[in-house]
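Along the sequence shown, residues carry numbers from 1.
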Amino acid sequence: MKRLLTLLVIIAVAGGAWFYFSGTLDRVTETRVDAALTDNGVPPDLANCMSGRMVERLSLNQLRKLERISPQEGEAAVPIGPGQFMDRINRADDAEAIEVTAQAAAACAIGSIFE
């Protein structure tokens, strides 16, 4: 009986730690996504809204793929024309990540209109 109680306590502590640290990871990730969006010209309020939605729906691997969209050496900070924009989008090479980002941007932009 004592072993069972000890095992249950260990499982409860491990489960609590997992929930605590996974929430912390989400906050850190959301902060990084927010900063990356803002650094790439997205207005702070829009970036804040988008980052939460993106972190909820995308894996860490997908979020890293989106980093490829950032301007590379020799590129303008903001894409000049649709051709450059599409080149950057294609670098992400993840249709779902692009779709989620576009949906987050649209939802947040529309939501800010009605605030």
Original post:
Which residues pass the side-chain contact (heavy atoms from CB on, under 4.5 Å) test with A92, sequence neighbours left out?
Top reply: L66, I69, I98

Original post:
At what distance, to the nearest 0.5 angstrom, does CD of E99 lie from CG of L58?
Top reply: 10.0 Å

Subject >> Selection residues 44-53 - residue pairs positive for side-chain hydrogen bond (donor to acceptor under 3.5 Å, both in side chains), sequence neighbours left out >> reply: none

Subject >> Nearest heavy atoms of A76 and P71, plus distance in Å >> reply: O-CB, 3.5 Å

Pairs of donor and acceptor atoms involving the side chains of residues 78-85, under 3.5 Å and at least two apart or interchain, shall be tabulated with distances.
unit_1	atom_1	unit_2	atom_2	d
Q84	OE1	I80	N	2.8

**OP:** Could you name each residue pair satisfying salt bridge (Lys or Arg N to Asp or Glu O under 4.0 Å) that touches residues 56-82, not counting sequence neighbours?
**Re:** R32-E67, K65-D94, E75-R88, E75-R91

Original post:
Do the side chain of N90 and the main chain of M86 share a donor and acceptor less than 3.5 angstrom apart?
Top reply: yes

Subject >> Closest non-hydrogen atom pair between D34 and A47, with its separation >> reply: OD1-CB, 3.4 Å

Original post:
Does S59 have any side-chain contact (heavy atoms from CB on, under 4.5 Å) partners at least two apart in sequence or in another chain, and if so, which?
Top reply: N61, Q62

**OP:** Sort and list the pairs that fulfil disulfide (SG to SG under 2.5 Å) and have at least one residue in residues 64-105, not counting sequence neighbours.
**Re:** none

Original post:
If you measure from CG on L37 to CE on M54, what distance do you get to the nearest 0.5 Å?
Top reply: 5.0 Å

Original post:
Which residue pairs pass the disulfide (SG to SG under 2.5 Å) test with at least one member in residues 43-77, sequence neighbours excluded?
Top reply: C49-C108

